[in-house]
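Input: a single structure, listed below in structure tokens.
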Amino acid sequence: MAIIVEKLGGNNRQVKHFRFDQQQISIGRGYDNDIRLDDPYVCADHVLIEQDPDSGQIRISDKQSVNGLRVNGLATTQSAVTKQDVIVLGKTRLRIFDSAEQVDPALRLSVIESRLNFLSHWRFALLLGFVYALALTYQTYLNTFVEFELGKVLPRLISDFLILSAWPLLFGMLSRLQKQDARLASQYSIALIMVLIGMGLSLINQWIQFNYPQLPAWNLVELSVLALLLFVLFWLTLLIAFHQPTYKRNRIALGCSLILLSCIMGWQQIKQAEFTPRPVYQFILLPDSYALDDGMTTDQFIQSLQGSYADSAANRTKK
Amino acid sequence: MKLMSLFRIFIPLFCCLSNASLAAQENAKDVFGHYQPALFQIRMIEVESGNKSSIGSGFQVSADGLIVTNYHVISDSVFYPKKYRIEYLTHEGETGTLKLLHIDVVNDLALVQRETANAPFFVLGENLPAQGDNIFSLGNPHDLGMIVVPGTYNGLKKSSFNQKIHFTGSINPGMSGGPTVNAYGQVVGVNVATAGNQIGFLVPLAPLQALVNRAVDPTPDDFMAEIQRQLIDNQQRLLTPFVENPWPIATLGQAQVAGEVVSFLPCWGDSNANDKNARYLTVQKRCRLDEEIYLHQRLRTGTLELEYEWLTSDKLSSATFYNLYEQGMQSAGPGNNAGKENVTNYSCQQQRMANSHNMKLRFVFCTRAYKDFDQLYDVLILGASYDQANQGLISHFTLAGVTQQMSQAFTQRFVEALAWQ
């Protein structure tokens, strides 16, 4: 049986931990105390904590301090406290309980995490970075209609890399704030892999849309794939950055990707409702070798146009 | 030498001009003084504020108060009959309300009536003047008071669909709807537009006579339905030559595109052949009907555009060429002005097809519907051939204020008039 005192940070996370075998401890700013708090709002002798040797119950009592004692936000002079109570002295937050309290069972290490070990090698991240740079350069080359100069691609490469770096750096910093490893190599690898997958999928999307321009509900498919991609990105990033139970990670990843998705959908809705004198479309053109067949005949084509007339006629009545 | 001979031509020319203008001034004075009581300022009165919101001119053509003006002068009262009413102002400052009887939106004419009896009026001419004859345009430019502008009759505008008289003389805003008379004071046209620099356009006699003859017909119950009827009638005349037969073929680079289907659709060409840095060649052909129908301030219609662009490159790789080609396809726009109150957003669809000349094409086809006219649409198409690795043909048209049936038939002819050589 011993008294445990935890000093808490802003989000009630433990910052400092004390353990006392005696039955009485004193807390204050004076040098005589068992725990000395360097908080100008705390008195020299602020509170006394006593443990009943039989029941193990812990009581806290105020020693007529200037700013008093608050337990769970309520001012008090004396109170019994347990692990669930947050005690505030001046501006310091504490939790005081018996050492017999049980801790939560250990989190099981994610199977995926051990499989993702290869991501943590800087060499792998560099390889991915190289592939990304290559892909970007090729894309730029294909979109340069004057003499191609490698030197002119560099600024774009650098700025793209800086933009991409925002993600791994942000999460690296967040996990440092949580007193954990930044694991930047893994974060970079994940960000790069997801971007490369995104580029690949958009090429496939172009090919599908070129061949099947009027696929019904294709926008929904695009959005769902995007949501899935975002979910995987969030999930893996969280896995690397923070220690948290799986259900919590699932929830956060799902929540974030749904919020982003609804922003995109909302934006699309607003754009659609707005009047614009110009037609809105994205024209996709690929050479013949990518075409699956010859497409429609002229008559079928003219026939299919009726849909557009019907759509715009239906929009007449819409306010 | 050349300069000298130029002088020789100029000197006699100047003499003629000054002689002509002397004579014209005399005539102008007579004409103006005699007919001033039959000339009016036509004003749109905004009902709430009771003030004029726009002005034009008009002239009386019968003893019982029939007045002719431009449709665009009174268009507000057709579209917003509750917000506007039409008034006239005589040269002596009297005002009164006008009743709208008939409109002709295609020729931009309107027939209104004031309550009067035995008032002086203009007589319509029997036929058009001879080229070079002096004619006089009357009206009220910029609300400055009634004036007379002498000018020259220069025949009917060349290769135009709805014919206009070409008048050399300055027509200014506010003179719209005023008459243009010959030396005998007979009306030969109605002021309608200016192209700047002494070039003006007049509605000729025939549509004017037709409108005045309609005075005996009952006034339409629903002017919007009447406008739709006139627009459909107009597009029928405009597009029938395009729909009746397959189009003649002209070449553009290695491609074949539409040749001259009708004489009133002027075409212009361009290319980047003189650009030494360009790594591709583009050759363009653009045809545009240079008249449009004014319905009101934010709604024009009746336009027709036909455009082709042939692209090729032996310096770019096929993939790069197709990216360049694709970029050229992203910015199709309408040929006419229309606002939110008048048209819906465009609805587009894309399709891949092959025409009977075995050209493989991908099209984006867009339509928007007119909110006030249940049969009319603006239609545009933009197409790209994709069966050649290093050359492509962009084809495009816009049609404004057409029916579904007519524009679909037009599209069919358009698509079939594309081929490789």
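We name chains A, B, ... by the order of the sequence lines, and we start the count at 1 in each one.
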Pairwise ring-ring contact (aromatic ring centres under 6.0 Å, His included) hits with a residue in residues 376-402 of chain B, at least two apart
A/F210-B/Y386, A/Y309-B/Y377, B/F397-B/F410, B/F397-B/F414

Would one find more than 12 heavy atoms of other residues, nucleotides or ligands at under 6.0 Å from atom CD of B/Q297?
no

Using a 6.0 Å cut-off, check whether atom OH of A/Y290 has over 12 heavy atoms from anything other than its own residue.
no

Which atoms of B/S313 are under 4.5 Å from chain A, going by heavy atoms: the side chain, the backbone, both sets, or neither?
neither

Look only at the side chain of B/Q351 and the backbone of A/F301, and say whether a donor-acceptor pair between them is shorter than 3.5 Å.
no

Given B/A389, B/S331, B/C366, the one with more heavy-atom pairs under 4.5 angstrom with chain A than any other is B/S331

With a 4.5 Å cut-off on heavy-atom pairs, point out which of B/T344, B/I381, B/D378, B/N355 contacts chain A the most.
B/T344

Please flag which part of B/V364 lies under 4.5 Å from any non-hydrogen atom of chain A: side chain, backbone, both or neither.
both

Using modelled atom types and a 3.5 Å cut-off, is there a donor and acceptor pairing between side-chain atoms of B/D387 and backbone atoms of A/D288?
no

Tell me, for B/V343 versus chain A, whether the close heavy atoms (under 4.5 Å) come from the side chain, the backbone, both or neither.
both

Sub-3.5 Å donor-acceptor pair from the side chain of A/R316 to the main-chain atoms of B/F373, do we have one?
yes

Compare all side-chain heavy atoms of A/Y281 with those of B/L382 and state whether any distance is below 4.5 angstrom.
yes

Is the shortest heavy-atom distance from the side chain of B/R279 to the side chain of A/E147 under 4.5 Å?
yes

Which atoms of B/C348 come close to chain A, meaning under 4.5 Å heavy atom to heavy atom: side chain ones, backbone ones, both, or neither?
both

Under 4.5 Å from any heavy atom of chain A, what part of B/L418 do you find: side chain, backbone, both or neither?
neither

For B/Q408 and A/Q303, the nearest pair of non-hydrogen atoms, with its separation, is NE2-O, 4.4 Å

Would you give the length of the straight line joining atom CD of B/Q350 to atom CD of A/Q209, rounded to the nearest 0.5 angstrom?
7.5 Å

Closest approach of B/T367 to A/S312 (non-hydrogen atoms, all atoms of both residues):
OG1-OG, 2.9 Å

Toward chain B, the part of A/D299 with a non-hydrogen atom under 4.5 Å:
side chain

Validation row: B/N345, A/T276 side chains within 4.5 angstrom (heavy atoms)
yes

Given B/D372, B/T320, B/V379, the one with more heavy-atom pairs under 4.5 angstrom with chain A than any other is B/T320

Proximal component of A/Q306, with respect to chain B [non-hydrogen, under 4.5 Å]:
both

Supply the atom-to-atom distance B/Y325 OH to A/L285 CG, rounded to the nearest 0.5 angstrom.
6.0 Å

Which region of B/F321, side chain (C-beta onward) or backbone (N, CA, C, O), has a non-hydrogen atom less than 4.5 Å from a non-hydrogen atom of chain A, or is it both or neither?
neither

Can I get a per-line list of side-chain donor-acceptor pairs under 3.5 Å for residues 126-144 of chain A, giving both atom names and the distance, sequence neighbours left out?
residue : atom : partner : partner atom : Å
A/T137  : OG1  : A/A133  : O            : 2.6
A/T140  : OG1  : A/L136  : O            : 2.7
A/T140  : OG1  : A/R156  : NH1          : 2.9
A/N143  : ND2  : A/Q139  : O            : 3.1
A/T144  : OG1  : A/T140  : O            : 2.6

What part of B/Q327 lies closer than 4.5 angstrom to a heavy atom of chain A: side chain, backbone, both or neither?
side chain

Between A/D294 and B/R352, is there a salt bridge with N-O shorter than 4.0 Å?
no

A/T298 and B/Q412: side chain donor to acceptor below 3.5 Å:
no

Does the ring centre of A/F145 sit less than 6.0 Å away from the ring centre of B/Y280?
no

Any side-chain heavy atom of A/P279 sitting closer than 4.5 Å to one from B/L380?
yes

Does CE belonging to A/M265 count more than 12 external heavy atoms closer than 6.0 Å?
no

Region of B/E341 in contact with chain A, defined by heavy-atom distances below 4.5 Å:
neither

If one checks every heavy atom of A/Q300 against chain B at 4.5 Å, the contacting part turns out to be neither

Measure distances from B/K360 to the heavy atoms of chain A and classify the residue's part below 4.5 Å as side chain, backbone, both or neither.
side chain

Above 12 or not: heavy atoms from other molecules or residues under 6.0 Å from CG of B/N337?
no

Can you establish whether the number of heavy atoms outside B/R298 located under 6.0 Å from its atom CZ is more than 12?
yes

What part of A/L286 lies closer than 4.5 angstrom to a heavy atom of chain B: side chain, backbone, both or neither?
backbone

Value for CD (A/Q282) from CE (B/M329), rounded to nearest 0.5 Å, stands at 11.5 Å

Contact class of B/A338 relative to chain A, heavy atoms under 4.5 angstrom:
backbone

Picking from B/L316, B/V415, B/N277, B/D374, which has the most non-hydrogen pairs under 4.5 angstrom with chain A?
B/D374

What part of A/Q272 gets closer than 4.5 Å to chain B, counting heavy atoms only: side chain, backbone, both or neither?
backbone

Got a second to check how far B/Q404's CD is from A/L305's CG, nearest 0.5 Å?
9.0 Å

At a heavy-atom separation under 4.5 Å, does B/L324 approach chain A through its side chain, its backbone, both, or neither?
both

Between B/Q349 and A/S304, is any pair of side-chain heavy atoms under 4.5 Å apart?
yes

Quick check for you: to the nearest 0.5 Å, what is the distance between B/R368 atom CZ and A/S308 atom OG?
14.0 Å

Can you tell which part of B/S356 gets under 4.5 Å to a heavy atom of chain A, answering side chain, backbone, both or neither?
backbone

Please find the pair of heavy atoms, one from A/P277 and one from B/Y346, that lie closest to each other, and give the distance.
O-CE1, 3.3 Å

